[in-house]
Every structure is written in C-alpha cells, then in structure tokens.
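Each remark here refers to the structure printed beneath this line.
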Amino acid sequence: MTADYTTSFRLSPPTSIHTTSEPTLAHHLPFLTLRNSAPSLSTRLQKILYLLKPLHHPTMSTVLLPGSPVSLPPTNTSVPLRLGPGLTHTPPSTITAHHAGTLTSDTRKNALWIPNLTRRYTPLQNDRVICTILRSSGEAYIVAIPSSNAPAPTTITATLPHLAFPGATKKTRPQLSAGATVYARISLANKHYDPELECVDEATGKAGGLGELKGGMVVGVRCGRDWGPVLRELGKVAEFEVAVGKNGRIWVEGKDRRTTMWVVRRIAECDENTWTVEEMRKKVEATKGDL
Amino acid sequence: MTIISATTTLLSRADGSAQVTSSDGTTLIASVSGPMEVRPREEQPLRAYLEVLVRPVVGVAGTRERLLESQLVSCLTPIIRLESYPRTCIQVNIQLLTHSRPIKTSRSSPPPPTILSTALNASILALIDASTALRTTVAATDITINKGRHTVVVDVFSGQLVFVDSEGEFTHEELEEALERGKKEGMVRVDDGGDVMVVDEGGGVGEEIRRVVEEKVQRDLRWKDGK
C-alpha cells in the first residue's frame with residue numbers, strides 16, 4: 001500500500017473515572033479520606049498494601065511524572081489511607097500521580113501526597129488567603145484571590161459575607177472599601193462554585209488573626225512552600241508583623257518602611273532562588289546592616 | 001529526532017513554561033496559563049476549555065499555525081484532566097524562535113520535519129511545570145523512513161499510541177515500523193521491581209523529558225533539604 005496523505009487519529013485516554021458529582025480527584029480537596037467515602041475501599045486498599053510490600057518502593061529521591069503508578073510505602077493500618085494533592089485514586093486499587101514531584105508520606109496520619117511549587121493557586125477549604133476587596137454587593141463582599149504575582153484576569157473571585165466577621169450583625173458590620181487587603185479563611189471550596197470566605201473563627205467567634213490588613217506591603221511568591229523557618233530567620237534581626245496566604249501572597253509590616261522593604265526583598269529573593277533556610281541565614285547576616 | 005536542550009520555568013508571568021530545541025533545528029517556547037477566566041462563549045460547565053495558540057517567528061499566525069494548533073488540541077485534550085477545572089480556560093501558547101522554513105522537496109526525498117513534535121514536547125514540559133493535572137506523560141518524536149515522515153506520540157509508561165501524523169509516500173509496513181520505533185524512543189525505562197527494562201542506549205525523547213522534569217523537581221524542592 002502506498003499512501004500520500006496526512007492522517008491523524010487519536011486513541012482513548014488511559015482508564016480513569018469521570019464523575020461529576022463526587023470528585024475522585026484529590027486535587028481539589030485538602031485530603032480525600034477513603035474511609036468516609038467508601039468503607040470497604042479502605043480495607044481493600046490495606047490488603048493491597050500488604051501485598052505490595054515486597055515490591056519496589058519509591059524512595060524520596062524518585063521523581064514521579066504525571067501518570068506514574070504509585071506503589072504504596074508501608075503504612076499504618078489503623079488509620080484510613082488519605083490521599084493529598086497530586087494523587088488520584090482509581091477504583092479499585094490504582095493510585096497514580098497527576099503532577100510531577102516526589103512522593104511524600106506521613107506515617108502517623110497515613111497520608112500520601114506530592115508537594116510542588118506552583119504559581120497557580122487552587123482554593124482549598126481551611127486555607128488562609130490574602131485577598132483584595134473588589135466591591136460590596138447586598139449581603140457580601142466580592143473579593144479577588146490572586147495567585148502569587150499572576151496578572152489580574154487570572155484571579156479567582158470569591159464571596160465574603162458581611163456577617164462573617166467577629167461580632168457582626170446586620171447593623172454593625174465592618175466597612176471595607178474596594179482595594180482593601182483582607183486575611184481570610186476559605187470556608188467553602190469546590191471546583192464547581194466560587195469559593196466562600198470568612199474572617200471569624202467558628203469555634204471561638206473571635207477573629208483569630210483574620211480580618212483587614214492595614215498598611216504594610218504584599219509580596220507575591222510561589223505557592224506550596226513552608227515559610228515558617230525562613231520567616232523565623234528574618235525575625236531574629238528585624239521587627240515585623242507578617243501574614244502568609246496560601247495563595248502565594250505574603251503581607252509584611254515592619255516597624256518602619258525600611259524594615260518592611262528589607263523583609264519584602266529577602267522574601268522575594270528567597271522565592272526566586274528557592275533558597276534553603278541555611279542560605280537565607282547567610283543572606284540575613286550579609287544584609288542586616290541595611291536595616 | 002532528539003531534544004538537544006530544554007529548560008523550564010523561564011517565564012516569570014506564566015504559570016508554566018518550557019523552551020525546547022530539537023535536533024531538527026526548531027527552537028520554541030511553550031507557556032501555559034490557567035486554569036483562568038474563560039470567555040463566556042467558550043465556557044463549558046463540566047470541563048475546562050483548552051486553547052492552543054501558535055505564533056510564528058515573524059508575522060501573524062496563518063493556515064500552517066492553525067493546522068498545528070488543531071493537531072496540538074487533539075493531542076493534548078485526552079492528556080489534560082480538563083474535567084478537574086470546570087468553567088475555566090487553560091491556554092497553551094507556542095512561540096517559535098527559530099525554524100528552518102520547509103523547502104519544496106523533490107518527490108525522491110522525505111517531507112521536511114514538522115514543528116509538531118517539538119511543540120508537543122515543549123507543551124508537555126510547560127504543563128508539568130504549571131502543575132496542571134495530567135492523566136499521563138507523553139513524548140513525541142519524528143521518524144523518517146524512506147519517503148515518509150511520521151510524527152509519533154506515545155504514552156511514556158505504556159508505549160500506547162496517542163497520536164500519529166504521517167506525510168509523504170510510505171507503505172503499511174513502513175508505518176508499522178515507524179510506530180514501533182516511535183514507541184521505543186518515547187518510552188521511559190521502567191524500574192519494575194528491580195528488573196530494568198533497557199529501551200535504547202542513552203534513551204530517547206521519553207527519557208529526555210523525564211530528565212528535564214527530574215531537574216525541575218529537584219530545583220523546586222531544594223528548599224526542603226538542609227534544614
């Protein structure tokens with residue numbers, strides 16, 4: 001057969017589950033608890049775990065590509081297995097990675113996930129984010145949750161009810177103007193709806209650090225990094241207040257403008273070069289004279 | 001066809017980006033933005049809208065770029081988990097940097113290589129860089145046998161054929177051979193409980209992609225080391 005044509009065809013994607021009501025993809029949930037959704041599934045998985053034990057286990061240095069099958073490390077059988085970001089469970093017992101990274105596990109919580117550094121934020125329940133008020137509608141503020149330093153059209157819009165503030169009633173509610181920076185907790189996140197925010201701790205009825213952030217400066221960083229140790233290094237030499245948003249935004253207010261700028265510069269450099277705590281310590285030592 | 005050099009995370013304003021230079025002389029940048037706001041006309045209630053835009057080295061996009069866009073859309077649609085991002089848009093931008101213009105060839109020589117394979121490899125790297133949820137990783141390679149040119153896209157783990165684009169004169173057997181060679185070049189070495197499956201000495205495009213992603217992950221997670 002001789003052909004002189006252009007042909008293209010495509011095959012169906014590898015097997016996966018498509019459900020519209022119940023997302024099977026752990027990506028949009030902080031953690032997908034298997035026991036809650038299907039009691040028998042977790043027990044079945046535990047049995048599979050046992051069978052998989054003699055096989056090859058990925059070590060910390062193994063980088064998974066999207067689509068890599070994940071063989072489970074030995075886990076704690078008394079707690080249900082929980083899958084975090086980056087992993088997809090395909091019933092009955094296949095677990096695959098859906099973004100690149102190294103498999104990380106917490107044996108005590110019996111959780112597995114793939115950490116990664118991104119510029120795009122996906123809202124998750126209970127995350128604390130730094131957002132901007134766009135306008136006020138009848139019962140709620142419409143706010144933008146920007147992702148790190150992404151341009152405006154890529155932000156997520158969310159609602160922050162007027163009553164979701166400590167001690168707020170219909171008559172007394174905080175007056176926030178457009179452009180105000182707010183530190184809020186995501187109270188509802190679902191890929192099908194706009195997220196909902198709140199500035200009050202449900203359990204205590206108090207603000208618990210949430211609310212409007214006055215003054216200071218916001219710096220955009222990549223999402224997915226633990227900023228605690230780095231900020232503690234900065235706190236050893238500079239005096240400042242800080243709020244870290246999971247959406248890749250850090251708000252800083254120093255005792256004066258010089259301190260604010262110094263802290264913001266260090267955070268930006270640290271994000272750009274993905275410095276370790278040790279490298280940050282050196283930089284802090286080298287530049288503390290600028291304070 | 002092999003990847004000569006590849007870098008990721010080179011654009012600071014895009015969610016993910018990759019620059020790839022292939023052995024056929026094509027250099028291009030792929031960037032990924034999204035999930036982001038979608039134009040109301042293109043909004044789909046249960047899945048993301050995938051938009052691929054190809055920009056030539058000079059001038060504005062024409063028919064050739066449109067063809068490339070449609071081929072890339074049909075390759076990438078089954079790979080990206082679009083249903084994870086309902087009512088959003090995922091945009092893939094391809095900017096050609098250098099490209100040897102296809103010369104009118106005689107009937108005795110095979111058609112010139114296309115930019116499709118380079119564009120696809122770069123898009124996959126950019127999508128991985130942007131942490132977009134993907135079903136699997138694919139690798140594209142150009143295979144030339146006699147007077148036929150085949151762009152073969154395979155799943156790097158199973159070697160399953162995802163897409164093929166052939167041009168020129170070829171027999172059925174030659175196509176089969178091209179698919180077989182494409183599969184060999186695209187697959188990664190699988191460490192299956194100690195038995196290492198050797199694909200090819202040095203590895204093909206699939207191995208290259210894995211190496212680039214490994215470098216990226218190690219660079220991104222270096223803050224975790226040396227507490």
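Each chain gets a letter, A, B and so on, in the order its sequence line appears, and its residues count up from 1.
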Between atom [atom1] of [X] and atom [atom2] of [Y], what is the distance when rounded to the nearest 0.5 Å?
| X | Y | atom1 | atom2 | result |
| --- | --- | --- | --- | --- |
| B/Ser12 | A/Glu272 | OG | CD | 8.5 Å |
| A/Ser68 | B/Arg210 | OG | CZ | 8.5 Å |
| A/Arg222 | B/Asp220 | CZ | CG | 5.5 Å |
| A/Arg225 | B/Lys224 | CZ | NZ | 11.0 Å |
| B/Leu221 | A/Leu117 | CG | CG | 7.0 Å |
| A/Arg119 | B/Ser131 | CZ | OG | 11.0 Å |

For B/Ala130 and A/Thr118, work out which heavy atoms get closest and say how close.
O-CG2, 4.4 Å
Between A/Arg120 and B/Pro35, the two heavy atoms sitting closest are NH1-O, 3.4 Å
What's the verdict on side chain to side chain contact (heavy atoms under 4.5 Å, CB included) for A/His99 and B/Leu134, showing C-alpha distance, side-chain angles and the deciding distance?
CA-CA 6 Å; A/His99 60 228; B/Leu134 303 180; over 6 Å; no
So among B/Arg211, B/Gln218, B/Glu215, B/Lys216, which one has a side chain to side chain contact (heavy atoms under 4.5 Å, CB included) with A/Val63?
B/Gln218
Report which part of A/Tyr193 has an atom under 4.5 Å of a heavy atom belonging to chain B: side chain, backbone, both, or neither.
backbone
Applying a strict 4.5 Å limit to non-hydrogen atoms, the region of A/Thr274 in contact with chain B is both
Would A/His98 and B/Arg135 count as a side chain to side chain contact (heavy atoms under 4.5 Å, CB included) here? Give the steps.
CA-CA 6 Å; A/His98 66 241; B/Arg135 288 206 173 76; over 6 Å; no
Before accepting this row, confirm whether a basic side-chain N of the pair B/Arg222/A/Glu279 lies closer than 4.0 Å to the acidic partner's carboxylate O.
yes
A/Pro66 versus B/Thr136: any side-chain heavy-atom pair under 4.5 Å?
no
Validation row: A/Val230, B/Trp223 side chains within 4.5 angstrom (heavy atoms):
no
Stepwise, does the side chain to side chain contact (heavy atoms under 4.5 Å, CB included) test hold for B/Met36 with A/Ile156?
CA-CA 8 Å; B/Met36 59 178 184; A/Ile156 306 152; over 6 Å; no
Heavy-atom distances under 4.5 Å only: say whether B/Thr9 touches chain A with side chain, backbone, both or neither.
side chain
Between the side chain of A/Lys191 and the main-chain N/O of B/Glu83, is any donor-acceptor distance below 3.5 Å?
yes
Residue pairs passing the ring-ring contact (aromatic ring centres under 6.0 Å, His included) test where at least one lies in residues 122-155 of chain B, sequence neighbours excluded:
B/His150-B/Phe170
